[in-house]
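The structure under discussion appears below in the form of C-alpha cells.
What's counted below: heavy atoms across the whole structure, side chains too, no hydrogens, waters or symmetry copies. Naming: A, B, ... by sequence-line order, numbering from 1 per chain.
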Amino acid sequence: MTRYTFANLGKWAEKEKRTRDAIVRQATNDMITQASRTATGVTRGGSVREGYIPRALGTLAASLTSTLYGSTVLTQGEGDFSQVVGSMRAGDRAVFTWTAPYAKARNYGSRGQDGWHWVEGAANDWPVTFKLAAAKARAITG
Amino acid sequence: MKTNDISKALCGRVEDAAILLAYFPNVKATAELKDATSYLDVTFAARRTQGSGLDVTEVVQEIGIFQVVVVVPDGGGVTVAENYSTDIAKLFTQSPVLNLPIAGGNIIIGTVDIMPGFNVDGEYRVPVQIPYIANQTM
C-alpha cells in the first residue's frame with residue numbers, strides 16, 4: 001500500500017477522486033444494466049416479470065435515453081448508455097428515461113395489467129449495487 | 001421475515017383511511033369497485049430481503065417500495081388526482097419519521113414520492129411511491 005505524507009497529499013487526493021469517479025461509473029453502469037433487462041412481453045406469450053422490461057418488438061427497451069447534466073442528449077438507444085456513464089464524475093447528475101409513450105403504463109401498471117416495475121427494481125437495489133461497485137473499485141485501486 | 005405482517009400494516013393503513021375504493025394484491029374486487037371510475041391501485045413495486053434469519057434473535061430486513069396509484073377518469077384535469085395523491089402521501093408522512101409497529105419489529109417509512117401522472121386506456125394515473133424498511137426478528 002502506498003504511504004502518503006503531507007508532502008504528497010495532493011497525490012492522495014487525486015487518487016481518491018479517481019476512485020470515487022470509478023465507483024460512480026461502475027455503480028451507475030450496473031444499475032442501468034439491471035434496469036435494462038428484458039423478458040418476453042405478454043403480447044408475445046410471456047407473463048409479467050417484475051424488474052424486467054417487456055419485449056415484443058424491442059421498441060420500449062430501445063427508447064432509453066441517457067442525459068448528462070440535463071442539457072444535451074448524448075446517447076440514445078437500447079444498451080447505449082456507455083458514453084454517458086463513461087463521462088460521469090462523482091457529483092454529476094445523469095438522467096435515464098424510457099421515452100416510449102407506453103413506458104409509464106408498462107412500468108407502473110394499468111387497468112388489467114400489473115406493472116413490470118423495472119425502474120423501481122433497480123432503484124430499490126441501488127444501495128447494494130453501490131456497495132458492490134465500491135468494493136470492486138477499492139479492490140482495484142487499493 | 002413475515003411478509004404478511006408487512007402487507008397487513010401497509011395495505012391496512014390505506015384501507016382504513018378509506019380515501020377511495022382500492023384494488024389490493026390478490027383480493028377479489030367487489031362489484032362496487034369494478035364499477036368505480038376513481039379508485040386506488042395498490043401493489044408492492046419492489047421488495048428485497050437482507051439478513052439470513054438463521055438465528056432467531058437476528059433482525060431480518062425487508063426493503064421495498066409500496067405503490068399506491070390514484071386513478072381518475074381521463075380528461076378531468078390534474079387537480080382531483082393530485083388532491084388524492086397528496087392525501088395518500090400525508091397518510092405515510094409523519095415528523096420526524098413514520099414508524100409502524102408489526103409483530104417482532106417495525107416498518108420505517110421513507111420519503112414519499114408523488115410521480116408525474118400519465119394517461120392510459122381512458123384513465124389518468126398518478127403513482128405514489130412509499131419506500132420502506134421493515135425490521136423483524138423471526
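Both the backbone and the side chain of B:P116 come within less than 4.5 Å of a heavy atom in chain A. Looking at A:N107, neither its backbone nor its side chain comes within 4.5 Å of chain B, counting heavy atoms on both sides. B:Y39 touches chain A through its side chain: at least one heavy atom from C-beta onward sits under 4.5 Å away, while N, CA, C and O do not.
Between chain B and the options A:G112, A:P127, A:A105, the largest number of non-hydrogen pairs under 4.5 Å is found for A:A105.
Using a cutoff of 4.0 Å between basic side-chain nitrogens and carboxylate oxygens, B:E62 and B:R47 are scored as salt-bridged. With respect to the salt-bridge test (charged N to carboxylate O, under 4.0 angstrom), the residues A:R37 and A:E50 do not qualify. By the 4.0 Å N-to-carboxylate-O rule, B:R125 lies close enough to B:D41 to be salt-bridged with it.
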- Task: Begin with the C-alpha distance, continue with both residues' side-chain angles, and end with the deciding distance and a verdict on ring pair (Phe, Tyr, Trp, His ring centres under 6.0 Å) for B:F44 and B:F66.
- Result: CA-CA 5 Å; B:F44 284 85; B:F66 181 61; 5.0 Å; yes

